[in-house]
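Just so we're on the same page: letters track the sequence lines, and every chain starts at 1. What you see is a predicted model; the values in this text were computed from it and never measured.
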Amino acid sequence: MDERLKDLTDAQRDAVLHVEGPLLVLAGPGSGKTRVVTHRISHLVDVGVSPRNILALTFTNKAADEMRIRAEQLVGRSGLQVSTFHRFCARLLRGYAPQLGLESNYSIHDAADTDRAIKRVVKRLRVPTDICSLERIHKGISWAKNNLIEPDNFAATSKIAVADIVEKVYKAYQSYMRESNAVDFDDLLMHVALLLRDNPEIRADLDARYKFILVDEYQDTNLAQYAIVRALSVDYPNLSVTGDPDQAIYGWRGANLNNILDFETDYPDVKVVRLERNYRSTQRILSVASTLIAHNIRRKKKSLYSENEQGPPVRLVTYPTQLDEAMGIGERITELHRAGRPYRDFAVFFRVGALSRTLEVAMRHYGIPYQLVSGVEFYKRKEIKDILAYLQAIANPRNEEAMRRIINTPTRGIGGKSVERLADHAIGRGMSMRETLEHVDEIPAIKGKSAKSVVQFAETMRKLDGLADQPVEEILGHILTLTKFREQFDEELEEDQQRLANIEELLTAARQSDERAAEVEEVARESGTATGPWISPLESFLEEASLVNETDDWETEVDRVTLMTLHASKGLEFPVVFIMAVEEGLLPHERSKDDEKQLEEERRLLFVGITRAQEDLQLSIASYRDFRGRRRMAVPSTFLNELPREDLEMLYLGSTGSFGTSTLEGFGSRRQGMSGDASLTGGDFDAHYETTDYDHVDTDADEEVFEHTYDDDPDASFDPAMFDTPPPDDVADEEPIDEPTVEPEPELAAKPKKKSRSPKKNGLAGLTTAAELGGDEAKPKKKFKPDDYHQGMIVRHPDFGLGRIVAISGSGKRRTATVNFIEYPGERRYVLFASPLEPAGGVE
DNA sequence: CTGAGGGCTGTTTTT
DNA sequence: CAGCCCTCAG
């Protein structure tokens, strides 16, 4: 009909125009799947379907956000629901909590909470853990939940050796969770699936409410998710799923590939659309990917093709060490960047998060702005979890994990013994721990100082309880004051400064959440489209905190190199991709290599990584890699043997990135001997080692080592000028040594304002210490608008001094900047509108 | 009851 | 080489 359909292919249009009945879209990588889905949503609306009746479910928040944004561009903000499975379930459960023995203010335990809770139960049951590890028990319970097996049916279904132990713990754990009015991640799905199974009226209502359901990444759904989706598509079987069996990488989490393979049997009249044309990658990249994935046995054959350019060969690079690997990648990025590629064009993938360390060092060395996706998650840091536990205890007084966490944090003289006595008392009376606080006088075992502390703590909690409906930021303020939370930290300690800063960031996050909550409420009130029960800002914030991780803050707008795990890369695309450490034991991971099924999943993982690349792809290995503190010789992944030689260019790069003699012969001869470890020791390798003394290089970083190592290398092919302007981190370390506590020099203050010829090189070079910018103080105090700030800008914070804006997003009141302070490592985020930041005059 | 220190462990991917 | 747990001494 309209313009929008014009640039779709026949197959795509086929899917887009499909309205009623089940639809299966088998979409290869880069085949325009998201476009199809969003256009289809828009088409549904065009033909008269109310957006209220459309539900789009994704696997990750990232995917949900993207889909929501793109769908809203087409249909506007219209009550369309785009959500992850978990969030959708969480919302649903708020409304139907009573049916499941919960209250609507239930808590969501994250993975760490779950571990603790299981441990607690195991302890309470006196189950010995030497026979069966906690992890094993956790896995067993999780498996059961993903497969909708309730505690009472466990014994009959499980075949594992320790089934009786798991069963026992599972039962006790579920009652513990119920008493705590809490659920874990797996419960979110299971509870909803069971709710739909056991309550026909509710199921029918929801089926009618969500007449059109779209599920993304269907190959990654587990049985519970399958059951949910199925239950909602009985009376209105307008279920459309998209997925690619070759991109199934969540088997370890209970995903069942059969869900997609058997879709056609589940829904007889299904329309199947195959999207096999790839618009993303060059022919060669695609050829490498297809050849690799063809080695999987359990697989539906699929032919990917592309009419794109052939492109350059895929680089297969061997570096002497992991440091060379990281530096080599850094160097190549720098080269390509100089040739005109923005940093956002690059991504580096790795199998395990631990590999990012060295990479970060290299990025910093080259002054490359980067974004590490899925680092140490903010909400998992101790101080943050502690404060969140207060919020949880306020929102849900029965949350025992939260209670235990806060009862002596900050320490107030209620030790382990007392806590256990409180817990025993609670169990004996069938009350929650929170309630026992009010009855310490009845517990003879707790007396004296301890008893007094408990009474005081009870009083504190009572005060906080009254704030439950207030904005989160305000509640947080009270928590911090009442508990003297900040006083447990020592401002002199760098570590503690970081903690204090994290707390500030939490406050910022709370403020943002409050704003959003207010907005949502307003919209709901105006349009009358409230989709569920009213949720307090507190509950909304907590839900977010447990369901969202930092990965989701990944910003595409910013010009930075992306570093992430292969898993996190799914669904994304980048012009230039590096996949590092394609080595045995890592990819495939050693825990997967014995099992053929798992091995195939590892292969799919690499397939996913490869197919993210649009133009330029490099796979690399390091001959030696430091792992678990030890230096090991690395063996190239068997997967590398499965790639088509004609599309590869094999290179040996020595230290510092100078090009080794390389080549096909070199790698080929090695490949012949690849079955044994020794294969990597021969040939031209040894020569490279002599140039650099890597044994003394500490990957953990001090820059001095790097300078020495790299600067002295005559073969260095990078621009030595880099060292004139070290990256920001270096500045703080070095400058004070040259000129300790000098008086500010007036000209220096002005310097950074000049625009540098080469943006990349300058950075903070002109700036040194906060003192030197003192000249700015003379300026009249001027209010800056949030939109005046931009990336690369140098700003000043009253406490942290000077820093650089490394990321920025949003606009107006919501404009948020991520700042790297010179003297305080790590990034901090600010909502500019409300932050004490001000421009310090200087742009990178 | 607290804090420090030593020994132990276990180390994939994520909602 | 972490981070965690437990033990031990104040």
Practice problem: Quick one: list whatever passes side chain to side chain donor-acceptor pair (under 3.5 Å) with A/Y96, sequence neighbours left out. | Solution: none

Practice problem: Measure up the A/F574 and A/F349 rings against each other and bin them: parallel (under 30°), tilted (30 to 60°), perpendicular (over 60°). | Solution: perpendicular

Listing time: all N or O pairs from protein to nucleotides 6-10 of chain C that are below 3.5 Å?
none

Quiz item: Which is true for A/S546 with a 4.0 Å heavy-atom rule: it touches a base, it touches only sugar-phosphate, or it touches nothing?
Solution: nothing

Practice problem: Identify, with sequence neighbours excluded, every residue that meets ring-ring contact (aromatic ring centres under 6.0 Å, His included) alongside A/F88. | Solution: A/Y210

Self-check item: Which residues share a ring-ring contact (aromatic ring centres under 6.0 Å, His included) with A/Y106, sequence neighbours left out
Solution: none

Exercise. Output yes if the stacking criterion (under 5.5 Å between centres, under 30° between planes) is met for A/H86 over the base of B/dT15, else no.
Key: no

Practice problem: Could you pull out all residues at least two apart from A/Y218 that satisfy ring-ring contact (aromatic ring centres under 6.0 Å, His included)? | Solution: A/F263

Quiz item: Between A/T84 and A/S592, who's closer to the 5' end of DNA chain B by nearest nucleotide?
Solution: A/S592

Exercise. Kindly state each residue pair satisfying salt bridge (Lys or Arg N to Asp or Glu O under 4.0 Å) with at least one member in residues 185-196 of chain A, sequence neighbours excluded.
Key: A/K145-A/D187

Quiz item: Just to confirm, is there a sub-4.0 Å distance from OP1 or OP2 of B/dT14 to any side-chain nitrogen or oxygen of A/T565?
Solution: yes

Quiz item: Can you name the side chain to side chain donor-acceptor pair (under 3.5 Å) partners of A/K33, sequence neighbours left out?
Solution: A/D216

Self-check item: Residues which pass side chain to side chain donor-acceptor pair (under 3.5 Å) with A/R405, listed by chain and number, not counting sequence neighbours
Solution: A/D386

Nucleotide N/O to protein N/O under 3.5 Å, stretch nucleotides 2-7 of chain B:
{"from": "B/dT2", "atom 1": "OP1", "to": "A/G413", "atom 2": "N", "distance (Å)": "2.8"}
{"from": "B/dT2", "atom 1": "OP2", "to": "A/N408", "atom 2": "ND2", "distance (Å)": "3.2"}

